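Handing you this structure, nothing more for now.
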2 protein chains.
Amino acid sequence: MAAPDQPIFGALAESLGFLLRLAQLQAFDEYFSAEGSPEHGPGEMSILLMIDANPMIRQGVLARALRIKRAHMTKIIQSFDRAGLVQTSVPADDRRSLELTLTPAGKDRLARVWDRVSLNELGRPGNLTQRETDTLKRLLRKYLSIAAPAEGADA
Amino acid sequence: MAAPDQPIFGALAESLGFLLRLAQLQAFDEYFSAEGSPEHGPGEMSILLMIDANPMIRQGVLARALRIKRAHMTKIIQSFDRAGLVQTSVPADDRRSLELTLTPAGKDRLARVWDRVSLNELGRPGNLTQRETDTLKRLLRKYLSIAAPAEGADA
DNA sequence: CGCCAATTGTCTACTAGGAAACAAAATGAT
DNA sequence: ATCATTTTGTTTCCTAGTAGACAATTGGCG
């Protein structure tokens with residue numbers, strides 16, 4: 001009943017939220033092991049990927065989709081803007097909002113970092129078979145109500 | 001090609017790490033909707049649950065299992081200790097380490113908060129069937145190399 | 001024994017991210 | 001038109017979590 005080096009997870013092992021928490025932390029460890037000293041963490045990477053896939057996306061739409069709070073999104077976008085990675089524009093039909101698009105420098109940066117990360121992100125983790133990995137991703141997309149990607153997606 | 005209110009997720013929809021990140025944030029939203037203004041966030045809850053399931057667990061073992069950095073664990077345990085929720089003791093065979101056990105007050109606190117959260121954590125999320133939920137949890141445990149819980153686990 | 005390497009918890013800074021209040025612009029009701 | 005409500009981005013302050021250096025302890029090895 002005492003505590004060995006491999007503790008008992010108890011209720012945590014049945015709890016979806018905590019399993020997701022631990023799995024995400026493990027995935028990030030692998031992410032950072034791929035990127036030596038990362039220019040961009042997972043949060044910033046997801047923003048770059050999202051703007052790349054959705055040019056002229058509005059800042060608020062981006063924040064909701066990635067579940068990043070607006071306050072935080074403001075800081076990241078402003079730093080991207082200062083670094084010349086995104087170009088912002090105010091649409092004529094709603095002058096409160098900001099439309100975001102990657103600059104050529106932003107696309108370069110994204111491509112370079114993604115090259116170092118994509119194998120870990122798209123590939124199969126050691127603990128799961130390819131089939132299990134596909135099932136896991138499919139269930140996560142369904143949980144999130146995210147559409148499955150098109151078949152011929154770029155690497 | 002412009003950006004609608006439901007953006008295209010592109011490479012994110014195939015990337016295990018980012019799917020896990022988004023899923024965890026969604027799960028936390030549901031967690032916080034269950035606990036009005038939470039006495040303990042998910043991180044602290046997982047620590048209480050873990051100490052409850054593993055009395056006399058060493059602080060470092062706990063940190064590794066929950067993937068919380070030692071520096072952070074120190075702060076949380078010290079605050080738990082000040083609040084009278086855990087009892088710490090130095091084992092005779094290794095005077096560097098700390099053994100952690102829940103006090104009666106700690107067990108009470110855990111039971112009270114868990115009551116408000118367990119339905120969301122153990123139940124089936126709206127987007128998935130019961131069977132899909134079970135599969136998802138099983139695959140996450142396998143990804144994490146966590147043993148499946150015993151059958152007759154407490155609610 | 002004495003010395004060197006690894007481990008454990010802790011401390012001090014720092015970064016990522018959130019909560020709440022706010023101004024400007026849009027929307028809707030009258 | 002006018003006023004209240006909502007939305008969007010921003011600002012300030014705060015919390016959760018990390019990075020790196022550190023002292024104390026342990027274990028190995030001559």
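Proteins get letters first, then strands, A, B, ... in listed order; numbering begins at 1 in each. Remember, it's a predicted structure, so these values are computed and weren't measured experimentally.
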* To do: Starting at atom CG of D94(B), determine the distance to atom P of dG9(C), rounded to an integer number of angstrom.
  => 8 Å

* **Partners passing salt bridge (charged side-chain N to carboxylate O under 4.0 Å, His left out) against R112(B) (at least two apart in sequence or in another chain)** =>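 Listed in chain order: E39(B).
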
* Structure fact -> To the nearest 0.5 Å, atom CG of L19(B) lies from atom CD of Q24(B) at 13.0 Å

* Asked: Does a nitrogen or oxygen in the side chain of Q59(B) sit under 4.0 Å from OP1 or OP2 of dT10(C)?
  -> yes

Identify all side-chain donor-acceptor contacts of residues 60-85 of chain A below 3.5 Å with residues at least two apart in sequence or on another chain.
residue : atom : partner : partner atom : Å
R67(A)  : NH2  : Q26(B)  : OE1          : 2.6
T74(A)  : OG1  : R70(A)  : O            : 3.1
S79(A)  : OG   : I76(A)  : O            : 2.9

* Does any pair with a residue in residues 91-107 of chain B pass salt bridge (Lys or Arg N to Asp or Glu O under 4.0 Å), and if so which ones, sequence neighbours excluded? ->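 Qualifying pairs: D52(B)-K107(B), D94(B)-R96(B).
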
* Structure fact -> chain A vs DNA chain D, heavy-atom contacts under 4.0 Å, first-to-last nucleotide span, 5' to 3', is dT7(D) to dG17(D)

* Structure fact -> Residues passing the salt bridge (charged side-chain N to carboxylate O under 4.0 Å, His left out) test with R141(B), sequence neighbours excluded, are none

* Measure the distance from CD1 on I77(B) to P on dC11(C) and round it to the nearest whole Å. =>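 Rounded to whole Å, this separation is 14 Å.
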
* To do: Could you check whether T74(B) gets within reach of a base, just the sugar-phosphate, or nothing at all, counting any heavy atom under 4.0 Å?
  => base

* To do: Classify every nucleotide of nucleotides 12-22 of chain C by which part a protein heavy atom approaches to under 4.0 Å, writing B for the base, S for the sugar-phosphate alone and - for neither, in 5'-to-3' order.
  => -B--SBBBB--

* Are Y143(B) and L16(B) side-chain neighbours, meaning at least one heavy-atom pair lies under 4.5 Å? ->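 Yes, close enough: below the 4.5 Å cut-off.
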
* Atom NZ in K137(B), atom CG in L139(A): separation rounded to 0.5 Å? -> 12.5 Å

* Answer yes or no: does a side-chain N or O of R64(B) lie under 4.0 Å from OP1 or OP2 of dT8(C)? => yes

* Is S15(B) reaching over with its side chain to a backbone N or O of A11(B), donor-acceptor style, under 3.5 angstrom? ->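 No, S15(B) side chain to A11(B) backbone: no donor-acceptor pair under 3.5 Å.
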
